[in-house]
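This report concerns only the one structure given below.
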Amino acid sequence: MSDARIRTLIADDEPAARASIRALLGSDPEIQVVGEARDGASTLRNLQHEPPELLFLDVQMPGLDGFSVLKRLEAPERIVVVFVTAYDEYALQAFDVHAVDYLLKPFDDARFRLALSRAKQEVRQRRLGIASDRLVALLESLGRRGNEAAAAGERYLRRIAIKSGGRVTLLPVRDIDWIEAEGDYIRLHVGKVSHLLRETMRKIEAELDPARFVRIHRSTIVNIERITELHPYFKGEYEAVLLDGSRLKLSRGYKDRLEQALGRPL
């Protein structure tokens with residue numbers, strides 16, 4: 001069994017995308033492409049009729065989307081899945097439950113080879129009987145999604161997807177020092193580096209835990225665990241000094257928010 005080629009299914013509604021993946025897989029002697037599917041229904045039929053070991057699965061397809069297809073399988077944990085999509089907003093859902101990989105279109109050959117390498121290793125482990133609960137956890141997560149937003153400890157962002165160079169990097173929210181507004185964007189400051197995202201301050205503020213992240217100015221949100229000192233500044237305003245030496249203005253209009261988070265008056 002360990003010498004057998006890995007039976008692989010390609011599911012994507014774009015013919016060009018299917019052709020591209022098939023061509024990339026064609027050069028790998030360990031892979032046997034056993035079929036293609038162009039929508040959710042045909043993907044599900046293929047998986048139920050003769051399940052492959054490896055599935056390259058588009059997230060958004062006509063009819064059933066990729067996640068809905070997985071939910072309808074009786075034994076999804078037997079299939080190694082690599083998600084393929086042009087939309088980065090699904091990355092957190094996939095990575096939070098340790099999906100095998102997440103390819104963001106358009107991807108280059110090197111990025112595809114990396115995803116394929118990870119997938120093949122996972123197939124080998126399963127063939128050797130090493131249990132993996134990745135897809136099981138994913139499906140359990142899908143079943144909880146409607147209630148998770150209101151659940152304690154699960155209602156705020158834990159990681160943020162950073163798209164760069166055709167790939168998605170997941171940034172733990174706890175690592176962010178502070179956030180500033182830049183027009184229609186926000187800049188996340190993390191140590192000596194920063195990341196620019198197309199997002200509004202209002203939206204990101206609502207998604208962050210107010211016990212840790214506090215808006216101290218109309219254009220600034222700060223991780224209060226990074227604040228080392230508060231210096232009186234001007235007419236009730238303060239200057240917050242962070243661990244990295246950054247100095248941020250605390251406006252009078254936002255002072256009460258910081259006081260509430262700190263649990264004491266300034």
Side-chain angles (χ1 to χ4, degrees), residues 85 87-98 102 104 141-142 144-266:
T85 180
Y87 304 95
D88 61 349
E89 61 261 34
Y90 302 104
L92 289 177
Q93 181 181 346
F95 280 108
D96 274 348
V97 290
H98 309 293
Y102 188 96
L104 185 64
S141 173
L142 291 172
R144 295 194 306 265
R145 288 202 66 189
N147 297 322
E148 277 184 340
E154 294 292 335
R155 57 182 300 189
Y156 302 115
L157 283 178
R158 288 182 294 150
R159 290 187 281 180
I160 295 177
I162 307 295
K163 183 170 65 173
S164 177
R167 64 185 302 173
V168 175
T169 301
L170 294 176
L171 170 67
V173 167
R174 64 178 179 274
D175 292 346
I176 299 172
D177 297 322
W178 61 288
I179 304 169
E180 67 175 322
E182 289 193 12
D184 295 330
Y185 293 79
I186 59 172
R187 183 171 295 278
L188 311 179
H189 293 268
V190 186
K192 296 181 179 180
V193 301
S194 65
H195 306 279
L196 193 64
L197 298 180
R198 189 174 182 85
E199 187 63 276
T200 66
M201 289 290 279
R202 177 177 295 182
K203 187 173 186 297
I204 194 67
E205 181 184 15
E207 294 175 337
L208 296 173
D209 185 351
R212 172 173 289 185
F213 289 90
V214 178
R215 194 165 184 172
I216 62 172
H217 187 274
R218 62 182 177 83
S219 61
T220 309
I221 295 173
V222 66
N223 183 342
I224 63 174
E225 294 183 359
R226 301 298 195 272
I227 299 176
T228 59
E229 298 177 2
L230 289 168
H231 298 167
Y233 188 66
F234 179 73
K235 290 186 177 182
E237 296 182 343
Y238 284 79
E239 184 179 59
V241 182
L242 307 191
L243 286 169
D244 65 355
S246 299
R247 294 176 176 269
L248 309 174
K249 181 180 178 181
L250 168 59
S251 298
R252 284 176 294 174
Y254 294 91
K255 178 181 173 183
D256 59 336
R257 300 189 187 191
L258 184 58
E259 289 178 331
Q260 182 176 357
L262 295 174
R264 62 192 309 171
L266 298 178

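- The 12-atom threshold is exceeded at CD of Glu259, counting heavy atoms of other residues, nucleotides or ligands nearer than 6.0 Å.
- For the residue pair Val222 and Trp178, the shortest heavy atom distance occurs at CA-CB, 4.1 Å.
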With side-chain contact (heavy atoms from CB on, under 4.5 Å) as the criterion, how do Glu225 and Arg174 come out once you've worked through the C-alpha distance, each side chain's angles and the decisive distance to 0.1 Å? CA-CA 9 Å; Glu225 294 183 359; Arg174 64 178 179 274; over 6 Å; no
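- A 4.5 Å side-chain heavy-atom check between Leu258 and Ile227 finds at least one atom pair inside the cut-off.
- Side-chain atoms of Arg202 never come within 3.5 Å of backbone atoms of Glu205 as a donor-acceptor pair (strictly under, hydrogens ignored).
- Applying the ring-ring contact (aromatic ring centres under 6.0 Å, His included) test to residues at least two apart or on different chains, none of the pairs has a partner in residues 207-230.
- Considering every non-hydrogen atom in both Tyr185 and Leu196, the closest pair reads CB-CD1, 3.7 Å.
- When all heavy atoms of Asp177 and Gly191 are compared, the pair lying nearest together is OD2-N, 2.7 Å.
- Between Glu182 atom CD and Ser194 atom OG the span is 7.5 Å, to the nearest 0.5 Å.
- With rounding to the nearest 0.5 Å, the separation of CG in Asn223 from CG in Leu242 is 9.0 Å.
- Remark: the backbone N or O of Val241 is paired with a side-chain donor or acceptor of Thr228 at under 3.5 angstrom.
- Counting heavy atoms of neighbouring residues, nucleotides and ligands inside a 6.0 Å radius, atom CZ of Arg187 exceeds 12 of them.
- Interatomic distance, Glu237 CD to Ile216 CD1, rounded to the nearest 0.5 Å: 11.0 Å.
- In this structure, Met201 and Ile186 approach most closely via the heavy-atom pair SD-CG2, 3.7 Å.
- Distance check, rounded to the nearest 0.5 Å: CZ of Arg226 to CG of Leu248 gives 12.5 Å.
- Distance alone, capped at 3.5 Å, places no donor-acceptor pair between the Ser251 side chain and the Tyr254 backbone.
- How far NZ of Lys249 is from CZ of Arg218: 9.0 Å, rounded to the nearest 0.5 Å.
- To the nearest 0.5 angstrom, Leu208 atom CG is 14.0 Å from Arg158 atom CZ.
- Taking Leu171 as the reference, Ile162, Asp175, Ile176, Leu188, Val190, His195 meet the side-chain contact (heavy atoms from CB on, under 4.5 Å) condition, with sequence neighbours excluded.
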Run the side-chain contact (heavy atoms from CB on, under 4.5 Å) test on Asp209 and Val173 for me, step by step, so that the C-alpha distance in whole Å, both residues' side-chain angles and the decisive distance to 0.1 Å come before the verdict. CA-CA 10 Å; Asp209 185 351; Val173 167; over 6 Å; no
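- Residues Ala261 and Pro210 share a closest heavy-atom pair of CB-O, 4.1 Å.
- The two residues Leu170 and Arg159 come nearest to each other via the heavy atoms CD1-NH1, 3.8 Å.
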